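This is a predicted model, so every value here is computed, not measured. Just so you know, ligand 1 is whichever comes first in the structure, and atom 1 is the first atom listed for that ligand. By convention here, the first residue in the shown sequence is residue 1.
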Amino acid sequence: MASSNIEYDVIFIGSGPGGYVGAIRSAQLGFKTAVVEKRATHGGTCLNVGCIPSKALLESSELFWMAKHELDRHGINLASVELNLEQMQRRKEKVVSELTQGIQYLFKKNKIESYHGVGRLEGPNTVRVTPVQEGAPFLLSAKKAIVLATGSVPNTLPGIAIDEKNIVSSTGALEFRKVPKHLVVVGGGVIGLELGSVWSRLGSHVTVLEYASEICSFVDQEVVKLFRRILEKQGIRFITGVRVTAIQSKGEDQLEVFYQPVSDSPSSASGQSLLQCDKVLVATGRRPFSDNLGLENLGIKKDDRGRVLVDRQFRTSVPGVFAIGDLIPGPMLAHKAEEEGVAVAEILAGLPGHVHYETCPSVIYTAPEVAWVGKTEEELRKDGIPYRVGKFPFTANGRAKALGFTDGFVKILAHAQTDRILGGHIIGPRASELLGEIVVAMEFGGSSEDLARSFHAHPTLNEAIREASLGIDNRIRQM
Ligand code: FAD
Ligand code: NAD
């Protein structure tokens, strides 16, 4: 039975990038703030089983690949290169643990009280906390707001049970203690390609089975064409336009994956094909997580995909209850959740908090990286918006040549009449970092001419952005 009732101004349920960043901003604005988190450490999916561990393994595996295949081109000959996977995993765990402890420190510094338990809405101003370890449930009440920031979990496929050992989600694929011989990845999206790359670089054969007719259907198609070619050259095999119908275990480390063309009827067995492998990664998207959160009791509305519906100020259909991050519509990205956490705290304080979704960047951290912001060419054509294109290849960029990574290009899309930047698409070395310049330019309503006339140090990869911008007006110089 719930006992004491402790009062706060604002309570966040969930301490992922949405909840923890929002709670810090809330405390900075003078609100007495609490966070309820069921996981043993703060940071949510992102820090514990998402962005950070995946990027640690991407970095380590890329270094391994380079040591094996690239360094000799630089005149560095290593006698032998061996993989110590246990050490690679330990390093990843250290990176995660330092960052999650950092949040604990930030909570303390900002006088945020955190409760280790499962939070559930008891009423529009009340959260029931069931401690994870021991103790009776208790109540917390919020004078100003309860913010739901419970994030998302992996999608499952009908009839396929994820055991996180052989048939894994991203969480299990970050934990392998042995390099799979053959890893089948279901879903050629962001997780499939990032984690597929990790294990391919470390020695796995990787086959990606994708339902759509092309991988990464949400990325500019000119970028996707080159991206797929490069990944194939790296050894990743793609089978597109197929649906997985069953996965059968044939003993220790032996799985059979059955699939068929999407065009075949699901009940027809005639077009079935079979892949044998030792691990399967299911990476077919994520679903918002609001199980047992008490939404139904209060009548909080969700859409047909289970996302909590909010207005532009993150208010749910019940006064006093707000929602942010992966739980609500929009891209499932850490920086989107963070911006919403900040905005909701500022709105509660009577400030004009808002999120400018048009400039939300996206990145796939493969090698080369793929990064984009704003509209793709396909979207502009569909919307009938007149645009001009400027493109510049990294093969003609001095710094890329010196680095030895020349695959890829920068593409800038600008309005045909106003020259305002509408989209930026980069495939190439350090695209994630390069994209920031285009994001800031777009945030200020900049034109391609603004980028073209800004200083860019020489020799840098950023010069490719200036050259692409010059390309919009046929003024490329460095070719
Ligand atoms: P989450 O981070 O999911 O946090 C929600 C928290 O709420 C969790 O800790 C959960 O335990 C807690 N919770 C849930 N229910 C309750 C309850 N009832 N009571 C108490 N606590 C509860 N995004 C990027 O931008 N860049 C990347 O590079 C990137 N890489 C990724 C790699 C992988 C493998 C994955 C899976 C995701 C990646 N993402 C990336 C996506 C990113 O992790 C999410 O968009 C982000 O974490 C969403 O933040 P959030 O705060 O909304 O939710
Ligand atoms: P995703 O939406 O990126 O890709 C899922 C892919 O699976 C799609 O290509 C889809 O067509 C395919 N698919 C769906 N059902 C299928 C089926 N039955 N069989 C075969 N293919 C199927 O989703 P994800 O890769 O699982 O990632 C989940 C979320 O996590 C994404 O929203 C992403 O934004 C986020 N994330 C971001 C990053 C990053 O920012 N670098 C990294 C990892 C994850």
Inset, instruction - Would you mind finding which of D326, I324, V153 brings a heavy atom closest to atom 44 (C) of ligand 1? - result: D326
Inset, instruction - Taking the side chain as every heavy atom from C-beta outward, state whether E232 and R237 have any pair of such atoms under 4.5 Å apart. - result: no
Legend entry - Where ligand 2 meets M332 - atom numbers and elements under 4.0 angstrom, heavy-atom basis: 32 (O), 33 (C), 34 (O), 35 (C)
Legend entry - Salt-bridge criterion met for K411 and E377 (N-O under 4.0 Å): yes
Legend entry - Donor-acceptor under 3.5 Å (R201 side chain, S61 main chain): no
Inset, instruction - Output yes when a side-chain donor or acceptor of D9 lies under 3.5 Å from a complementary backbone atom of K32, and no otherwise. - result: yes
Inset, instruction - Check V190 against ligand 1 and report side chain, backbone, both or neither, counting heavy atoms closer than 4.0 Å. - result: neither
Legend entry - Contacting atoms of ligand 1, where contact means under 4.0 angstrom from a heavy atom of S170: 34 (C), 36 (C)
Legend entry - Atoms of ligand 1 close to V49 [distance to a heavy atom under 4.0 angstrom, numbered from 1]: 34 (C)
Legend entry - L209: numbered ligand 2 atoms lying under 4.0 Å from its heavy atoms: 20 (C), 21 (N)
Inset, instruction - Run the numbers for me: atoms of ligand 1, each under 4.0 Å from some heavy atom of C46, listed by number. - result: 2 (O), 43 (O), 47 (O)
Legend entry - For F218, atoms of ligand 2 separated by under 4.0 Å from a heavy atom: 3 (O)
Legend entry - Whether R243 lies under 4.0 Å from ligand 2, heavy atom: no
Inset, instruction - Compute the ring centroids of F12 and Y20, then answer whether they are less than 6.0 Å apart. - result: no
Legend entry - Test of proximity, Y365 against ligand 2: N or O pairs below 3.5 Å: no
Inset, instruction - Number the atoms of ligand 1 from 1 as they appear, then name those within less than 4.0 Å of a heavy atom of V118, with their elements. - result: 18 (N), 19 (N)
Legend entry - Per-atom contacts of ligand 2 with V363, taking only distances under 4.0 Å to non-hydrogen atoms: 39 (C), 40 (O), 41 (N)
Legend entry - Contacting atoms of ligand 1, where contact means under 4.0 angstrom from a heavy atom of S152: 3 (O)
Inset, instruction - Return yes or no for this condition: an N or O of L157 is under 3.5 Å from an N or O of ligand 2. - result: no
